[in-house]
Amino acid sequence: MDLREFLNMGGYAGFVWTSYGLTTVVLVANWLSARRVEAEQLESAQRRLSDKENRT
Amino acid sequence: MTPRQKRMVTVAAILVGVGIATAFALQAFQKNLLYYYSPSQVKSGEAPTSRSFRVGGLVENGSLKREPGSLEVRFTLTDFAQEVGVSYTGVLPDLFREGQGVIARGKLRDDGTFVAEEVLAKHDENYMPPEVKQSLKPHAQATGATQAAGQGST
Amino acid sequence: MRRAAVSAAARLVFTRDLTLAWRRWDEVAQPLIFYVVVTTLFPLATTPDLTELRKIAGGVLWVAALLSSLLALESLFRSDVEDGTMEQWVLSGQPLGWLLLAKVACHWVLTGLPLVVISPIIGTALGLPFDAWGTLIVSLLLGTATLSVLGGIGAALTVGVRRGSVLLSLLVLPLAMPLLIFGSRAVTMAMDGDSPAGPLQLLAAIFFLVLSLGPLAMSAAIRISVES
Amino acid sequence: MVPEGAVLEARAINAWRGERHILRDVSFTVHAGEFLKVTGPNGVGKTTLLRVVCGLLPAESGEVHWCGRPVRGASDEFHAQLGYLGHPNSLKADLTARENLRFLAGLRQALSDKEIDAALDRCGILSRGDLPSRSLSAGQKRRLALARLLLAEASLWVLDEPVTNLDTAGITLVEELIQEHVQRGGLALAAAHQRLLDHSPNLRRLEMR
Amino acid sequence: MWLWIHKFGSPPHAYRLLGKLAPWFGWPALGLILLATWWGLVKAPADYQQGDAFRILYVHAPSAWMSMFTYVVMAVAAGIGLIWRIKLAHAAAAAAAPIGAAFTFLALVTGSIWGKPMWGTWWVWDARLTSELLLLFLYLGYMALRASFDDPQRADRASAVLAIVGVINVPIIHYSVVWWSTLHQAASVTKLDKPSIALPMLIPLFIMIAGFQLYFGWLICRRLRAEILRRERNASWLKEAN
């Protein structure tokens, strides 16, 4: 298949690629934010735990 | 009243309320909640004359004419019972073609022509490759016709 | 024991709020004044031409009604929750949903009803033809009543919350949008000489649905709000 | 009016306030004719316990039983037997003392004017009956709240710091009211850090730490 | 059964289980989404009416589907939490909300991008589009309400009430194209008779939807773990958990 023809998407390149690009961005952003939230909570939980141990 | 009876009354009241709501909703769905008028309704004078409204129908085969030297196009919308002439100046959507369902928003002129300010193409829920479409053609047109006729009267 | 009947308790709630409103009439009048002021802003901001104005009259009246109802809702349960009256209601042994419904009904009589009564006059000032008065009144009657209950749910949820009034609009406005759509559609259809029965019936359907299920949600929300 | 053999039971109640585990496996029993006084320093969870018992706060675990049946699922019946006096007096400043009683205690019972006057008289504020409650002093407001409690005709009284803002005469009044209630066969549960009925034969204590 | 729920409902157990479960969602999701993207963009034939633009279907329809699916999951979880007082259910509802909002946003934007070349407009105020927009507002309202409470338990229950009240919007979105004849086409896949998409175009759509579902499952696992950590900050089991 001709790459240029493929990228052109029958003249709808702008619309199709924007949609797919945007979807990728949102999916990846969700993935990253889920990881970040989990890491943050893990860190804060560990900090609290060590605080508690130091106090007792 | 015992607490048990009290609760029954409350439950009954809720059920009656929901029942009345459903009855009203069912009635409303039989009424004219239309998003657009059909060409038959336009011809029979049901559509408003003083303000802009929407007409929906199929673009009649062979009716599309472009005015040379301008963006103005003329075509006929049909629901296979009546038809309405439409004139429009501007860029048409990609799905616009003869035999296609479209919705036009605009005003009715005194001579019965519909002057559209906006033309939107309605595509159906069928998706298929062109070859398949080709082989289905006679059948598909028949369903398209009933669909368009049905759309006007819902 | 002479346990008070539910209807008697609901009536007491209703008369109590009427009495309180009578002693604080200035607060009750505020939403109505707001309604009048907002609707007069539109001719100033758009055009004084009545033929132009009447095109948007239905929408303007409905948006203004929605906003002024919201204004009044914000304080619906606040004082009762803060002074501890609400926890006594919760513990009264009466079904809380009926009491709250009575309170909301009183609130509607005080804020929704005056708005409905005055709206034909404002409508006329916006070019609304006499033929559409009936539709406007019926649609606003149904719409403001539904809004009172919907808003009651929102107010009950946000009563003990920081920045409650902003949050209240964020919660209630999306739920109220169908009202706005069908209500202003009904008015516009009536103005154009079409039968507004369809949207009016949908408004009625929403009203009865909200009326029957709303008290459940309100009482659940109030129980959460009196916890603090 | 008090059901035969009425008994209030709290079984292993645990409750959290935000991050704090306030109630840890709190259990107690109150029988008809008994007064349970919950004592302990500020912030130990007395109010939380009383609110959990009333059903105003959900418990994390554990159950409250009234007359042998769990309160959850039959809360309206339980609440009809319950009179609660909380920190706020639950008064409307714009209503008179009489109106306050009619509109709030009236939710529970059909009340005559005579009964309202009798309750006001018992609490020593009959002469203030037609004043808006905003013009009452803090102690008088508390007395008005006590009058509401009397009119509730409840079997179980749950009182949170009932003597706040009261003078010595007021404290004596509260003690008398509780005594009368308990002698009629009622149950009472009160949180207090002041002296309250410390020498009554019916008194039991729940010390919270 | 109850024992199992109880065991799963205990935070340490759920936390560990979710951790083990997550990769079983994550990797298949990635694989299916990539496969469906390739299939949809390259292998599937162009549509007879819309040409290549119809390929937006493969991101738009799954997003729209997931936006409603997530809301139902959220409302059901909220209901379970409210009725049976299961904290884990509330945590699941809280975890689902931002995911649902993202899918709703995606459905609206890709739909708009698709609508411009096909219908000739970015946006119409018809029932389908408006109610989908309402769904986005509902998600935002839900998250705002949850954020405004300091006490997590009150936040749980208050937002649960809102989620249940808002669930009425879901059937309205789904049936809006049937009840009102509007510009938006009817549903293609969920029709009871045979789907009206040609098979070579349908397969990648199903793969994409499956991929999105798994992706959702993976996200829920991750976010739920975070929620559990947030709610169980002082619990001693955390020491053994890592």
Side-chain angles (χ1 to χ4, degrees), chain C residues 59 77 81 96-97 100 146 149-182 184-185 188 198-199 201-202 205-206 208-210 212-228, chain E residues 71 75 78-79 81-83 85 90 97 100-101 104 108 124-173 175-176 179-182:
Chain C
F77 296 118
V81 168
L96 184 60
L100 295 177
T146 313
V149 183
L150 270 183
I153 301 173
L157 280 173
T158 54
V159 68
V161 151
R162 286 168 273 132
R163 297 185 307 279
S165 55
V166 184
L167 191 59
L168 177 69
S169 0
L170 185 60
L171 301 188
V172 174
L173 283 179
L175 293 173
M177 248 187 251
L179 298 178
L180 183 79
I181 293 169
F182 297 131
S184 55
R185 172 94 76 90
T188 313
Q201 279 164 347
L202 274 180
I206 300 176
F208 279 104
L209 189 71
V210 168
S212 42
L213 296 178
L216 292 178
M218 263 195 290
S219 57
I222 280 291
R223 282 176 209 277
I224 295 162
S225 290
V226 295
E227 272 173 26
S228 54
Chain E
Y71 197 90
L82 207 57
I83 295 168
R85 305 192 180 191
H90 282 308
T104 314
L108 282 169
V124 282
W125 289 100
D126 83 338
R128 191 43 152 323
L129 280 70
T130 310
S131 49
E132 184 77 14
L133 188 65
L134 291 195
L135 191 65
L136 182 64
F137 291 155
L138 274 178
Y139 276 121
L140 296 180
Y142 177 90
M143 290 192 281
L145 182 65
R146 181 171 272 290
S148 62
F149 282 97
D150 292 323
D151 179 357
Q153 290 172 37
R154 285 181 68 197
D156 280 346
R157 282 176 300 135
S159 52
V161 172
L162 181 69
I164 293 167
V165 170
V167 83
I168 199 132
N169 196 31
V170 173
I172 294 181
I173 300 176
Y175 290 108
S176 54
W179 291 342
W180 294 277
S181 39
T182 71

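Numbers restart at 1 for each chain; the letters A, B, ... are given by sequence-line order, proteins then strands. From a predicted model like this one, the values you see are computed outputs, not experimental measurements.
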Find the distance between CZ (E:Phe149) and OG1 (C:Thr158) and round it off to the nearest 0.5 Å.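 The distance works out to 8.0 Å.
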
Output the distance between atom CD1 (C:Ile224) and atom CD (E:Gln153), rounded to the nearest 0.5 Å.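 Result: 11.5 Å between the selected atoms.
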
When [options] are compared by non-hydrogen pairs under 4.5 Å with chain C, the top option:
options	result
E:Ala160, E:Gly166, E:Ala144, E:Ser148	E:Ser148
E:Asp150, E:Leu82, E:Thr130	E:Asp150
E:Leu140, E:Val165, E:Leu145	E:Leu145
E:Leu135, E:Leu162, E:Leu134	E:Leu134

Contacting moiety of E:Ala155, where chain C heavy atoms sit under 4.5 Å: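 Contact with chain C: none, neither part.
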
Using non-hydrogen atoms and a 4.5 Å limit, figure out which bit of E:Ser159 sits close to chain C: side chain, backbone, both or neither.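 Neither part, no heavy atoms under 4.5 Å.
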
With side-chain contact (heavy atoms from CB on, under 4.5 Å) as the test, pick out the partner of E:Ile168 among C:Leu213, C:Leu175, C:Leu209.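 By the side-chain contact (heavy atoms from CB on, under 4.5 Å) criterion, E:Ile168 pairs with just one of C:Leu213, C:Leu175, C:Leu209: C:Leu209.
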
Contact origin within C:Leu216 toward chain E - heavy atom pairs under 4.5 Å: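 For C:Leu216, neither part sits under 4.5 Å from chain E.
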
Which bit of C:Leu157 comes within less than 4.5 Å of chain E, counting heavy atoms only: side chain, backbone, both or neither?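 Both backbone and side chain of C:Leu157 come within 4.5 Å of chain E.
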
Heavy-atom side-chain contact between C:Glu227 and E:Arg157 under 4.5 Å: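 Counting from C-beta outward, C:Glu227 and E:Arg157 do come under 4.5 Å.
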
Provide the closest heavy-atom pair for C:Ala220 versus E:Val161 in the form atom of the first, atom of the second, distance.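 Here C:Ala220 and E:Val161 meet closest at CB-CG2, 4.0 Å.
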
